[in-house]
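So you know, we letter chains A, B, ... as the sequences are listed, proteins then strands, and number each from 1. Since this is a predicted model, take the numbers as computed values, not measurements. Below, all heavy atoms of this structure are taken into account, side chains as well, without hydrogens, waters or symmetry copies.
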Number of protein chains: 2
Amino acid sequence: MTTMSNRYQADAAKNRPTMRHVAALAGVGIKTVSRVMNDEAGVSEATRKRVLSASQQLNYQLDMAAGSLRRSGRQTLSIGLLLPSVSNPFSSEIHRALEDTLAARGIAVFAASLDDDPEREKALVAAFLGRRVDGLVLTPIAKSQSYVIPEHSRDLPMVFIDREPVGIEADAVVTDNAVGAAKAAAHLIAHGHTKLAYLGDRADIQTARERKRGFVEELGRAGIATSAVPVIEGLHDEESACQAALGLLRSEDPPTAVFSSQNLVTFGAMRALKELGASRRVALVGFDDFTLADMMDPGITVIAQHPERIGKLAAERLLARIDGDDSTPQTYVVPSELIERGSGELRPR
Amino acid sequence: MTTMSNRYQADAAKNRPTMRHVAALAGVGIKTVSRVMNDEAGVSEATRKRVLSASQQLNYQLDMAAGSLRRSGRQTLSIGLLLPSVSNPFSSEIHRALEDTLAARGIAVFAASLDDDPEREKALVAAFLGRRVDGLVLTPIAKSQSYVIPEHSRDLPMVFIDREPVGIEADAVVTDNAVGAAKAAAHLIAHGHTKLAYLGDRADIQTARERKRGFVEELGRAGIATSAVPVIEGLHDEESACQAALGLLRSEDPPTAVFSSQNLVTFGAMRALKELGASRRVALVGFDDFTLADMMDPGITVIAQHPERIGKLAAERLLARIDGDDSTPQTYVVPSELIERGSGELRPR
DNA sequence: GTGAAAGCGCTAACAC
DNA sequence: GTGTTAGCGCTTTCAC
């Protein structure tokens with residue numbers, strides 16, 4: 001028996017030990033080891049200690065994959081998260097909040113970046129499915145998400161974030177984009193502006209469309225002719241936004257207030273205003289908050305989103321689904337918030 | 001036969017289909033399905049097509065976990081990544097670069113946040129090991145990493161980033177912290193400053209210690225008495241850094257140039273300078289680059305790190321180890337870069 | 001080219 | 001309390 005234990009021990013030092021190794025060393029059956037490792041009842045304290053000691057001696061680690069293969073329910077305690085990019089500040093805040101909520105349940109997170117590529121979206125979903133994740137949290141970018149319908153019907157929990165999915169009914173957690181943009185317009189109008197301008201992202205992005213819609217509708221409510229308000233779309237980076245803003249501000253009848261629909265666009269507008277020395281003359285409200293916004297001169301007024309709340313809510317919905325909630329899928333709206341910092345409170349002239 | 005196929009098909013619509021389902025529907029043996037799904041040779045084109053069609057019809061997805069259980073080598077095509085926080089900009093840039101390099105090999109990334117908690121470090125490593133990751137990339141924060149020695153000896157590939165591990169010999173990828181800080185000191189001295197000040201992070205963080213060492217050593221080389229240079233450490237957030245900077249700048253003999261060892265500290269210093277209206281009078285160089293640094297007034301001169309290079313290099317080292325490289329572990333140093341933007345080029349008086 | 005049998009590490013079901 | 005047997009979905013081995 002001693003030789004056998006030794007052999008198992010030597011074996012386990014190089015190769016990864018299994019329950020058999022632990023069982024042999026502890027002198028018990030394999031099922032007993034399983035009971036101890038899973039904190040199941042029905043093991044005497046003495047046996048428990050022997051098993052624990054053997055497992056520590058061998059540095060044994062339960063193999064979750066092998067376990068879940070046999071276990072009914074087949075949970076892997078891991079989920080897949082698809083983001084525009086893991087390095088995008090908005091996305092990574094969501095990621096963090098999700099992680100915190102899921103970690104409390106011992107769930108690990110696979111994270112991946114989409115880069116606006118619909119093909120990648122499908123490929124990454126497939127990659128996650130192959131790893132048998134217990135759920136999926138994704139930022140949809142493909143035209144339709146109907147390709148996941150088979151999985152969804154198999155009760156794979158799924159929550160969409162930032163944008164609502166198309167072609168499938170599933171839970172979603174989004175910002176009130178239209179309302180937020182309308183708040184920005186109303187704020188500028190309340191400060192005396194009638195000559196507004198809109199700098200927007202690509203129209204194929206759902207959130208961008210929503211923001212534009214909200215902004216324009218608010219103009220209508222305020223009785224400002226939409227035709228008098230320049231709306232520039234298709235801005236996806238700082239440089240193009242800066243050029244667009246420069247064009248507007250140098251025109252014959254320049255706006256006295258600008259709304260930018262997204263961070264990079266806001267940065268471009270800020271650069272343009274700075275270049276023209278107009279930062280304290282032309283009002284600016286940007287959608288989405290950013291670091292150092294309060295350190296600018298003037299501070300930049302923004303419609304802040306709450307990524308941490310989106311992430312937390314998405315995680316909670318996912319857990320509820322994992323726990324068997326089968327109510328009708330729903331879209332949850334997280335309100336945005338106007339933060340006054342100076343640039344949005346400048347008055348015309 | 002038809003009834004059987006139908007039964008399997010109905011079964012597969014609700015439950016997840018297995019190779020058996022596909023085999024039954026295609027009218028072949030299970031091993032043939034395996035061959036097709038793994039792109040193995042030795043299957044006639046006709047059979048291949050039948051199998052492929054059946055698998056698409058059922059929406060079949062190969063189960064990687066089950067496969068790797070039996071497969072020799074047992075690769076799961078997933079790795080674990082441990083970061084200070086997934087939402088930290090520096091970390092998430094590393095994350096992104098890692099992901100890109102590993103995605104090319106079909107490797108998925110588990111990401112998790114440490115929050116400066118040594119216990120979490122150990123727990124998360126255990127969680128990853130239980131999921132049988134093929135490798136680990138980690139930012140060490142515990143006092144010693146000797147707890148992973150057993151895994152390391154079992155040839156689990158492992159690369160440390162940002163900080164070198166203690167108590168174990170393993171690959172590491174780090175910034176040249178001391179050299180970078182020395183460059184900052186030299187830059188300020190070259191611009192005529194002799195009255196410098198150092199604002200630093202907590203001394204228990206390795207990178208913070210290195211930066212201080214490099215800075216102080218450069219003072220020595222320049223013949224500036226270290227005793228004449230205030231060195232404040234233990235600053236871990238913007239507020240404490242701001243207070244420390246205010247104290248220094250309001251003292252009887254204030255510094256003409258400040259070096260801040262980290263982003264949040266830099267922000268605090270910027271705020272203090274702004275509050276005192278000293279932004280254009282007192283020089284500032286910060287360690288680590290940040291968004292909008294060029295939009296400040298003046299632009300903020302920084303010692304930029306290259307997270308994308310750190311991430312890429314770490315991924316490459318990990319892949320090399322996974323591929324069997326068993327050369328002596330090594331520390332790879334990624335050079336930092338001085339970026340002049342104005343604040344660091346201000347002269348005294 | 002193809003398939004049957006064994007077994008990866010574990011848990012379910014049941015016997016003792 | 002504890003151990004034995006079967007089998008999760010797949011790949012290996014080897015026979016046809």
Side-chain angles (χ1 to χ4, degrees), chain A residues 8 11-12 15-52 54-55 58-77 129-134 154, chain B residues 8 11-12 15-52 54-55 58-77 129-134 154:
Chain A
Y8 268 96
D11 184 33
N15 303 299
R16 193 180 288 283
T18 71
M19 277 196 179
R20 258 190 248 303
H21 295 108
V22 179
L25 181 61
V28 300
I30 172 177
K31 175 71 228 198
T32 300
V33 179
S34 171
R35 287 203 180 87
V36 173
M37 300 316 292
N38 291 288
D39 279 320
E40 277 174 40
V43 183
S44 77
E45 198 44 36
T47 328
R48 240 184 71 81
K49 279 198 176 139
R50 277 225 313 293
V51 170
L52 244 28
S55 100
L58 298 179
N59 249 284
Y60 173 74
Q61 271 279 352
L62 193 62
D63 186 326
M64 287 184 52
S68 67
L69 190 59
R70 188 67 178 83
R71 188 177 256 127
S72 55
R74 295 223 50 208
Q75 298 224 340
T76 55
L77 290 184
L129 293 177
R131 287 174 179 83
R132 294 296 183 266
V133 293
D134 296 340
R154 271 178 208 128
Chain B
Y8 268 95
D11 184 32
N15 303 299
R16 193 180 289 281
T18 71
M19 276 195 180
R20 259 190 249 303
H21 295 106
V22 179
L25 182 59
V28 299
I30 172 178
K31 173 71 230 199
T32 299
V33 178
S34 170
R35 287 204 179 87
V36 173
M37 300 317 290
N38 291 288
D39 278 320
E40 276 174 41
V43 184
S44 75
E45 197 44 36
T47 326
R48 240 183 72 80
K49 279 198 176 137
R50 277 225 314 290
V51 170
L52 244 28
S55 100
L58 298 179
N59 249 285
Y60 173 72
Q61 270 279 352
L62 193 61
D63 186 325
M64 286 185 53
S68 67
L69 191 59
R70 188 65 176 82
R71 185 177 259 126
S72 55
R74 296 219 53 206
Q75 298 223 341
T76 57
L77 290 185
L129 293 177
R131 287 174 178 83
R132 295 294 184 268
V133 294
D134 296 340
R154 271 180 208 129

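For D:dG1, neither phosphate oxygen OP1 nor OP2 lies less than 4.0 angstrom from any side-chain nitrogen or oxygen of A:Ser44. A close approach under 4.0 Å does occur between a side-chain nitrogen or oxygen of A:Ser34 and OP1 or OP2 of C:dT11. When the side-chain nitrogen and oxygen atoms of B:Thr32 are compared with OP1 and OP2 of C:dG1, none of them lie within a distance under 4.0 Å. OP1 and OP2 of D:dC8 both lie 4.0 Å or more from every side-chain N or O belonging to A:Arg70. Distances shorter than 4.0 Å separate some side-chain N or O of A:Thr47 from OP1 or OP2 on D:dT2.
Side-chain proximity of A:Glu40 to C:dA12, D:dC10, C:dC10: nearest is C:dA12. In this structure, the nucleotide among D:dC10, D:dG9, D:dT12 sitting nearest to the side chain of B:Leu69 is D:dG9. The side chain of A:Arg20 has C:dC8 as its nearest neighbour among D:dT11, C:dC8, D:dC10. Among C:dC10, D:dG9, D:dG3, the nucleotide with an atom closest to any side-chain atom of A:Val28 is D:dG3.
When rounded to the nearest whole Å, the span between CG of A:Leu62 and C1' of C:dG9 equals 9 Å. Between the C1' atom of D:dT12 and the CG atom of B:Asn38 lies a distance of 12 Å, rounded to the nearest Å. Atom-to-atom, CG of A:Asp63 to P of C:dG7 comes out at 19 Å; the value is rounded to the nearest Å. Nucleotide D:dT11 holds its P atom 11 Å from the CE atom of B:Met64, rounded to whole Å. Note: CZ (A:Arg48) to P (D:dT2) measures 12 Å, nearest angstrom. Distance, B:Ile30 CD1 to C:dG3 P: 11 Å, rounded to whole Å. Spacing between atom CE of A:Met37 and atom C1' of C:dA12 amounts to 19 Å, rounded to whole angstrom units. The NZ atom of B:Lys31 sits 13 Å away from the C1' atom of C:dA5 (whole-angstrom rounding).
For the atom pair CZ (B:Arg50) and CG (B:Leu25), the distance works out to 10.0 Å, reported to the nearest 0.5 Å.
For A:Thr76 (side chain) and A:Arg132 (main-chain N/O), a donor-acceptor pair under 3.5 Å exists by modelled atom type. Judged purely by atom type and a 3.5 angstrom limit, B:Arg35 has no side-chain atom pairing as donor or acceptor with the backbone of B:Glu40. No donor-acceptor pair closer than 3.5 Å links the side chain of B:Arg16 to the backbone N or O of B:Gln61.
For B:Arg71 against B:Asn38, the heavy-atom pair with the smallest separation is NH2-OD1, 3.4 Å. Here the closest non-hydrogen pair linking B:Leu69 and A:Ala66 is CD1-CB, 3.7 Å.
A residue-by-residue look at B:Val43 and B:Arg71 shows that B:Val43 has its nearest nucleotide of DNA chain C further toward the 5' end. If you find the closest nucleotide of DNA chain D to A:Gly67 and to A:Ala41, the one lying nearer the 5' end belongs to A:Ala41.
A donor-acceptor contact under 3.5 Å is formed by the side chain of B:Arg35 with the base of C:dT2.
Here B:Gly42 lies in heavy-atom contact (under 4.0 Å) with a base.
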